[in-house]
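The structure appears right after this line, and notes come after that.
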Amino acid sequence: MSNKPDAPEKGKDFIRQIIDKDNESGKYEGRVQTRFPPEPNGYLHIGHAKSICLNFGIAHDYNGKCNLRFDDTNPVKEDIEYVDSIREDVAWLGFEWDANPFASDYFEKLYYIAELFIKMGKAYIDHQSADEIRENRGTLKAPGTNSPYRDRSVEENLDLFRAMRAGELKDGDCILRGKIDMAAPNVMLRDPALYRIKRADHHRTGDTWCIYPMYDFTHGLSDAIEGITHSICTLEFENNRPVYDWCVDTLMAGLKQPELFGENETIYNELAGLPGFNQRPRQYEFARLNITGTVLSKRKLIKLVQEGYVSGWDDPRMPTISGFRRRGFTPESIRDFCNRIGVAKADSTVEYALLEHCVRQDLNERAPRYLGVMDPVKLVIENYPEDQTDEFSMPLHPEDESYGTRVVPFSRELWIERADFMEDPPKKFFRMGPGREVRLRFAYYVTCTGFEKDADGNITEIRATYDPETKGGWSKDGRKIKGTMHWVSARHAVKAEVRNYTNLFTTDNPNSVEEGKTFVDYVDPNSLETLTDCWVEPALLDMEPGTNFQFERTGYFCTDSKDHKPGEKPVFNRTATLRDSWAKIQKKMGK
RNA sequence: UGGGGCGUCGUCAAGUGGUAAGACACAUGGUUUUGGUCCAUGUAUUCGAGGGUUCGAAUCCUUCCGCCCCAGCCA
C-alpha cells in the first residue's frame, strides 16, 4: 500500500488553493492534517472514494497526515461489520491512514468538554419533549421561542447532566442543548442538541455510556483533539459550519478559564496543550459525487440490499467499493476517476461513461487476453482431419511481450460466436457468411461452405474449409482479410458461467422519479444476465478468484471472488464491454 | 429579501481584468491478426439573462432568473 494518489498536474482544486494560502501565511506552520470520517453504518460507495482520494491525496501531496476516523456517536445504527468493511475498502483503494481513531475514543473528553460548556453558561438541560422542541424551533421563516428551561442555573444544569450520565433519567427525558440563539436565521443555530440519553449497546463502548454526543458537537471537537487543520466534508454540511465553529470557539474560550476547571484540571490542561487548540481546524465543503444511472445515498443502498433487489453490498451492480471490486474494477481505475472528476462546489453528475473509460484504460494496459465464446454455435472445418490437433502459442498481451504466451488447442470442431455469422450479411458485415473467408484469431483462414438450420430457422451448425497455408492467421500472399473471429476448440473447451451486468436502473436518474413511484420501481430486473452455456479456453480454468482478464473482442472480465472455483467451476463477471463500433454501425443501419 | 450555497460545451472542469485549457461523450479519417488499442482532425465568437464600469470582463458592480441545502434527541 502507498499513499500515492496519482495526482494530476492540472489546475489545483479550490481546497488545495486554500491550503497553499495557509502554507504561505504560516497559519498552521506548514502542518496539513485531514481525516476521512465515515459513520460505520453502511458500506462505502464511490462517492466516499472521492472523499477518500481527496483527503488522503492532500495528505500525500502536502506531506501531511490523514486519519481514518469512525464517527460512531449513534450506537443504534452502527456495527462492527461496517467498521471492518470500511477499513478493507480504504486499504484496497491503496491508502494508509496515519491513525484510526473512533469518535467514541473521545467520549470521556467530550463529556468533560460538555461540562465546561455548562459551566460557561453555554449549554443547558432541556426537558421539553422532542415534539415541543420541534414546535419551538420555529420555521425557516419564523424565529423559534426560548425553552422554559433555558435559563436554569449552572449548578442545576451540571447536576442534571451528571444525572444523565449516571443513568438516573430515562431516554428522552431531556437533552443537553447549546445556548446559542433561538431566533437565528440559520436553523442549525437555534440551540442545537449536544447530548441525548440513549440506552443502546455501543459496538465499542458497550454499556459504558447511556448518553451520546451529537454529530455537531462531536465532529469539530474531534477534529480539534486530533489536530486536524482542514476538515473537508460535503456541501450539505455548509449550514452546520457555524455550529462547528461555535463548538470549537467555545471550547477554546473555555480552556482559557482555568477557574472553571475544578477537579478535572488535568483533562482540560491536556486539551489545551493539543495543537488543535492553537491552530484550530476549519471546515470546507465540496460537492458530493453523483453518477448517472445509479444512486449514491446510504439510505437507498441499504434498501436495495435489505429488500433483496441485489445480492448484497458487494453485488457487482452496486456502486459500492466492494461492488466495483467484485465487478473487476481496479483501485487504480477508481483513483484515476476520482482525480479526473475534480473537486468543486457546483452540484454535479458525472457520466458513468467516464468511470467505464477509466477501467477500460487501466485494463487495456494490464489485462491478459483470452478467448471465450459467450453464445456458441458449432463450426466444423470439413477438410481438417478428425483426429488432428494444433496447438497455437498465443500472446497474452498484444502490446506487451513481457506478458508471455499461452497454448490454445485447435481441432476440427470449434465453437464460434453466434453473432459472428449471418446467413445473408450486409456489405459492412466483416464476419462470416456463406462463401466468405475470415480469419480465426491466431489460427487459420477459413471459408464458409454452408450451414444448417433447425425447424425454427435457428442456425445449428456452420461448415467451412481451412487453408493450411495460413497457419497462425496470416498468409504469405498478403491477401486482405477484414474479419477476425475468436473461437474455442469444442473438444478442449471448458464450460463456464458468465455474468453480464448492465445498469441496475432503467433510468439515467433514479433520484428523480415520477409521481407515485420510488427509485426501486426503476430497478432493471434484466440488469444481471447469467450465461451458463459459454465455452472458454482451458487456460482460464485455474485462475484465482478476483483475476482480471479480457475476452478478446468481447470485454473485460474477472473471476468472481465468491463463486469462481479454480479447477472446478469457472465463474466470470463482466467488468465492462469493449467499445463496439460495429454495434454503432448496426444502430445506424437500423434507423 | 428566512438563512446558506451554486450557475463556463451533452457531462465533468480549468480560468482569479488581457481577449475560453483539458478530459469523457460525439463525429470524421488513418493504422491494426481484437470492428479493441493507438494516431490525426473537428466540435462554446462565448461563459444563466439584462444593464453598467473599463482601452479591454467568464472574471469587478448591479438587477433579474434558475437549481441545491437547512426546521432529527441522524450523520
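Order of the sequence lines sets the chain letters (A, B, ...), proteins ahead of strands, with each chain counted from 1.
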So if I take every side-chain heavy atom of [X] and compare against [options], which nucleotide ends up nearest?
X: A/Leu235; options: B/C70, B/C74, B/G5; result: B/G5
X: A/Arg196; options: B/C69, B/A71, B/A75; result: B/A75
X: A/Lys198; options: B/C12, B/G3, B/C74; result: B/C74
X: A/Arg553; options: B/G3, B/G2, B/U34; result: B/U34
X: A/Glu399; options: B/G36, B/C70, B/G4; result: B/G36
X: A/Met214; options: B/A75, B/C69, B/U37; result: B/A75
X: A/Arg137; options: B/U34, B/A14, B/G72; result: B/G72
X: A/Ala344; options: B/C26, B/A14, B/C24; result: B/A14
X: A/Pro398; options: B/G36, B/C70, B/U16; result: B/G36
X: A/Asn364; options: B/G2, B/C73, B/G36; result: B/G36

Look at all strands and tell whether [X] reaches a base, only sugar-phosphate, or nothing, counting heavy atoms closer than 4.0 Å.
X: A/Arg431; result: base
X: A/Ala193; result: sugar-phosphate
X: A/Thr73; result: sugar-phosphate
X: A/Thr139; result: base
X: A/Lys584; result: sugar-phosphate
X: A/Thr349; result: sugar-phosphate
X: A/Tyr445; result: nothing
X: A/Phe551; result: nothing
X: A/Arg579; result: sugar-phosphate
X: A/Glu132; result: nothing
X: A/Ile585; result: base
X: A/Gln17; result: base

Exercise. In chain order, what residues pass the ring-ring contact (aromatic ring centres under 6.0 Å, His included) check against A/Tyr352, with sequence neighbours excluded?
Worked result: none
Exercise. Mind checking what makes ring-ring contact (aromatic ring centres under 6.0 Å, His included) contact with A/His486, not counting sequence neighbours?
Worked result: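 Per chain and number, A/His486 pairs via ring-ring contact (aromatic ring centres under 6.0 Å, His included) with no residue.
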Determine whether a donor-acceptor pair (one donor, one acceptor, N or O, separation below 3.5 Å) exists between the side chain of [X] and the base of [N].
X: A/Arg360; N: B/U37; value: no
X: A/Glu365; N: B/U37; value: no
X: A/Glu236; N: B/G5; value: no
X: A/Gln361; N: B/U37; value: no

Seminar exercise, completed: With A/Ser231 as partner, the option from A/Asn55, A/Thr34, A/Asp223 fulfilling side-chain hydrogen bond (donor to acceptor under 3.5 Å, both in side chains) is A/Asp223
Please enumerate all protein N or O atoms sitting under 3.5 Å from an N or O of nucleotides 66-68 of chain B, with distances to 0.1 Å.
| residue | atom | partner | partner atom | Å |
| --- | --- | --- | --- | --- |
| B/C68 | O4' | A/Asp347 | OD2 | 3.4 |

Keeping [X] on the side-chain end and [Y] on the backbone end, is there a donor-acceptor pair under 3.5 Å?
X: A/Asn364; Y: A/Arg360; result: no
X: A/Trp487; Y: A/Arg441; result: yes
X: A/Lys179; Y: A/Arg150; result: yes
X: A/Arg406; Y: A/Arg369; result: yes

For this session: Taking all non-hydrogen atoms of both residues into account, name the closest pair between A/Asp72 and A/Ser104 and its distance.
Result: OD2-OG, 2.6 Å
Exercise. Closest approach of A/Gly433 and A/Phe421, non-hydrogen atoms and distance?
Worked result: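 Looks like CA-CE1, 4.0 Å.
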Spacing between [X] atom [atom1] and [N] atom [atom2], to the nearest angstrom:
X: A/Asn339; N: B/A14; atom1: CG; atom2: P; answer: 13 Å
X: A/Glu238; N: B/G4; atom1: CD; atom2: P; answer: 11 Å
X: A/Glu285; N: B/G3; atom1: CD; atom2: P; answer: 19 Å
X: A/Asn240; N: B/C74; atom1: CG; atom2: P; answer: 14 Å
X: A/Asp245; N: B/G4; atom1: CG; atom2: P; answer: 15 Å
X: A/Lys141; N: B/U1; atom1: NZ; atom2: P; answer: 9 Å
X: A/Lys345; N: B/A14; atom1: NZ; atom2: P; answer: 13 Å

Problem set entry | Between B/U32 and B/U45 - C1' atom distance, rounded Å |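 It works out to 39 Å between them.
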Problem set entry | Pairwise P distance, B/U19 and B/A58 [rounded to whole Å] |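 Per the computed distance, 11 Å lies between those P atoms.
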Kindly give the atom pairs (protein nitrogen or oxygen, nucleotide nitrogen or oxygen) under 3.5 Å for nucleotides 40-44 of chain B.
none

For this session: Quick one: classify the glycosidic conformation of B/G7 as syn or anti, with syn meaning within 90° of 0.
Result: anti
Exercise. Mind checking whether A/Phe551 and A/Phe549 have parallel, tilted or perpendicular rings, split at 30° and 60°?
Worked result: perpendicular
Exercise. Relative to the ring of A/Phe392, is the ring of A/Tyr444 parallel (under 30°), tilted (30 to 60°) or perpendicular (over 60°)?
Worked result: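 Taking A/Phe392 first and then A/Tyr444, their aromatic rings stand perpendicular (interplane angle over 60°).
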Exercise. Who passes side-chain contact (heavy atoms from CB on, under 4.5 Å) against A/Asp105, sequence neighbours left out?
Worked result: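 Partners of A/Asp105 under the side-chain contact (heavy atoms from CB on, under 4.5 Å) test: A/Pro101, A/Phe102, A/Arg204.
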Each nucleotide N or O in nucleotides 8-10 of chain B that has a protein N or O under 3.5 Å away: list the pair and distance.
| residue | atom | partner | partner atom | Å |
| --- | --- | --- | --- | --- |
| B/G10 | N2 | A/Glu351 | OE1 | 2.9 |

Exercise. Heavy atoms, side chains only, cut-off 4.5 Å: are A/Thr320 and A/Leu44 in contact?
Worked result: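 Contact flag for A/Thr320/A/Leu44 side chains = no.
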Exercise. Looking at A/Tyr111, is A/Arg165 sitting on its ring face, NZ or CZ under 6.0 Å from the six-membered ring centre and within 45 degrees of the normal?
Worked result: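 Output yes; distance and angle both within limits.
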Exercise. Within 45° of the ring axis of A/Phe519 and under 6.0 Å from its six-membered ring centre, is that where the NZ or CZ of A/Lys300 lies?
Worked result: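 Here A/Lys300 passes the 6.0 Å and 45° test against A/Phe519.
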Problem set entry | B/G72 pairs with, by Watson-Crick or G-U criteria that keep both distances under 3.5 Å | none
